[in-house]
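Notes to accompany the following structure.
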Amino acid sequence: MLILLVVVMLVVLVFLASEYEETRDQAALEQDAETVANDIRSNLLHNVQTLQSLHSVAPSVDAWSAPAAEFLAQRREIVRLEWRDNARRLIAHRDSLYIPDLMSYFDRSQALPEMKIACDNALRQSGPAYSSSYFWPLSSGRGIEMIEMCLPVASEGKPAGFLVATYSLPGMLAELVNKEMLRGRGLGFSDADGTRLAMLSTLSGSRRNVTARAVLDLPGYTLMLQLQSLRQVRGLFPNVLTAMVGALSLALLSVLYLLGRDIRRRQRAELEVGRALAFRKAMEDSLVTGLRARDMDGRITYVNPAFCEMVGLSVEQLVGTGLPAPWWPPELVDEYQHRQQVRLAGKTMPREGHESVFTRPDGTRFPVLIIEAPLIDAQGQQTGFMGAIIDLTEQRRVEELNRASRERLQATARLTTVGEMASLLSHELNQPLAAIASYASGTLNLLEQPTPSDPLHAELAQAMRRIAEQAERAGRVIKSVADFVRRRERVREAVTPQSLVDAIQPLLSLLLNKHGIRLQIHIEPGCPPVLCDRTMVEQVLLNLARNGVQAMPQGDPPAHSGMRLLRIEVGQLRLHSGETSGGRARKIWVSFAITDHGQGLSPEVAEKLFTPFFTTRPEGMGLGLSLCRSVIEQHGGALTHEPACPRGTVFRFTLPGADPSTIIRS
Ligand code: ADP
């Protein structure tokens, strides 16, 4: 559109310029026409004056002829000069020598009416007057347009008739006008109504002529003077100014064209850059690796969405922040600052990156791997650092899981070894235990011979009986453990809590006495028997009681505090335990609680309490509690612990109460 506008402007400019030139030519021509008219007018006036002087120097007919002839010889435009009296009668006359055949075709009388009108007018105006033009044929076949000029003359103050000069119009055109004016032009007379009367021209009558008109108003008659000139042929650009403006417009056009091409190229380039940018942004946004750019002072200049998500801050919160960074753990700020300085000073960065710890706004920490590289701009100058940050949380979790499962595998392997050891021991110990039992019963038999009733004798017999009992019990324990390890089916029987406690009491008493600890046993009256593998549950009770004793070493708690006390409580629990086909059945549970007043359990110990091989004691195996829990859970019960009041720990386990009529195989 701009180009179109410029073209239109250019065309309008050329048109206006040539219009202007034409009107200027026209104006000049009109000016010249006016000048020509003035020339004719002044020459006519001059003729009038000469004629007046002619009359004054030659007032008689005789004297008149010579100066009249001279006058005519000098003025070719006048074809005849007459002197007439006041009644218009001819007194004297003289014809021009230049047109000898003037009166040969027509007689002078033909022109008298025009002459008379002119003289009447002259008389009225008391000055020269002109007649209208009339055609005068010549004998040669041509003819000329002529006008009469009548000048009243006086001699000695009286009217002395008229001087009549007959003008030829072509002669006027040829003689009264400056020749210079007419070079290359045409000049003519026409009537007021446009009829051409005379023409003096070097022009061919073409339409490319320019015409200017001027009015030649003579007293008594008005003629139109036509000046014609050939229209000047001009180039497209008629003058320097227009040519310059045209050249400028053309230059503008070419600049516009170049500009348009440049804009199109730019648009294409912009589109391509935009596409490339959008592609990069999509890539950066979809990346799970955090990206971060810093300037040389450590201020953040760019972060991608993955990094924002990692540290839990928005782009606005991050960009522009300097050191210390908001994600540094407060306690590590000094260390990180130092590390940063070392890195900046060295300017070399390890390609494999380094590990670090970041914080989220909620204070949680997470491990990351940072790979940093110098940021080099297009001029090859380092403007900062670019870092890729990988969140290692998931990797660490997987590693931790691997480690835990490896530990579990090791523990299982050790447990297997322990199981094998237990089987071996039970096998190996059975024989010596059987030997101890048979020696004890042999000795008892000997002691029971009917011999004097020595008190020492009786005590020895009692001791022997105890040895035999414990040897037998040891045998049972070994068998039960072996069965447990091999997961054999075992017979469960209904056992009263009292008998369970009684079974461990002799061994427990020995231990308690050694440590100066009192034992308190409370069994709820009417407590039902429990359904269990008797030997194993006795071992559980013994283990828990022994742990309680070991938690109260000498002096802790002190003897005078009254807290050196181990308490075994047994009572009944009533719980709903699921649906049966007939409706809600009530199952009886019996709870055993072993309470000590030792140092209690720290949270770390409590957490790992049932882990196999966990122990805090140098001589401990760390298998007691895990074994106890397995035994109780095999019975369908649960083993729990809680702090005791005012100090110490309560270990509590449950066992199913026995329906006295049945014995269940499991
Ligand atoms: P061990 O007796 O061989 O150490 P256990 O499995 O019986 O193995 O016990 C594991 C650990 O639990 C003990 O080392 C001890 O630190 C802790 N523990 C067990 N019972 C008690 C208790 N009653 N009071 C305080 N600590 C206890």
Side-chain angles (χ1 to χ4, degrees), residues 407-408 410-419 421-422 425 474 477-478 480-481 484-485 500-501 504-505 507-522 535-559 561-570 591-635 637-654:
E407 272 180 10
R408 262 203 308 281
Q410 282 171 358
T412 315
R414 280 157 75 190
L415 266 180
T416 316
T417 318
V418 170
M421 257 170 60
L425 275 178
V477 168
I478 285 170
S480 292
V481 170
F484 177 77
V485 170
L500 285 171
V501 174
I504 60 161
Q505 214 174 345
L507 272 179
L508 196 58
S509 301
L510 283 174
L511 200 64
L512 290 168
N513 289 342
K514 192 173 150 198
H515 287 86
I517 296 171
R518 275 185 301 128
L519 178 66
Q520 228 177 43
I521 298 172
H522 175 75
T535 320
M536 290 311 287
V537 173
E538 280 172 14
Q539 282 309 111
V540 169
L541 265 177
L542 193 62
N543 244 319
L544 294 178
R546 195 168 42 217
N547 276 350
V549 171
Q550 281 165 352
M552 292 185 281
Q554 289 295 348
D556 180 32
S561 66
M563 281 201 291
R564 296 193 69 77
L565 176 73
L566 188 78
R567 204 173 147 75
I568 300 179
E569 285 164 288
V570 187
S591 148
F592 291 75
I594 297 94
T595 310
D596 66 75
H597 295 295
Q599 71 272 35
L601 295 171
S602 66
E604 297 84 54
V605 173
E607 196 186 323
K608 298 184 184 159
L609 208 54
F610 297 109
T611 314
F613 304 109
F614 169 76
T615 179
T616 58
R617 285 191 277 273
E619 73 284 6
M621 281 275 282
L623 282 173
L625 280 176
S626 102
L627 204 66
C628 289
R629 191 169 67 170
S630 301
V631 169
I632 298 300
E633 283 174 358
Q634 258 185 18
H635 284 83
L639 174 61
T640 57
H641 62 85
E642 63 204 57
C645 188
R647 58 177 285 191
T649 320
V650 184
F651 276 90
R652 202 185 293 279
F653 64 86
T654 50

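Order of appearance sets the numbers: ligands from 1, and atoms from 1 within every ligand. Remember, it's a predicted structure, so these values are computed and weren't measured experimentally.
- Side chains of I568 and L500 form no contact here, defined as non-hydrogen atoms less than 4.5 Å apart.
- Every residue meeting the side-chain contact (heavy atoms from CB on, under 4.5 Å) condition with T611, not counting sequence neighbours, appears here in chain and number order: K608, F614.
- The shortest non-hydrogen separation linking H515 to R564 is O-NH2, 3.0 Å.
- Not a single donor-acceptor pair under 3.5 Å links the side chain of T615 to the backbone N or O of M621.
- The stretch residues 539-555 participates, sequence neighbours left out, in no salt bridge (Lys or Arg N to Asp or Glu O under 4.0 Å) pair at all.
- Closer than 4.0 angstrom to ligand 1 lie heavy atoms from N547, G548, A551, D596, G600, L601, L609, F614, T615, T616, R617, G620, M621, G622, G624, L625, T649, F651.
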Can you give me every donor-acceptor pair (side chain of residues 591-605, partner residue at least two apart or in another chain, under 3.5 Å) with its distance?
residue: D596; atom: OD1; partner: G598; partner atom: N; Å: 2.8
residue: H597; atom: ND1; partner: R647; partner atom: O; Å: 3.0
residue: S602; atom: OG; partner: V605; partner atom: N; Å: 3.4

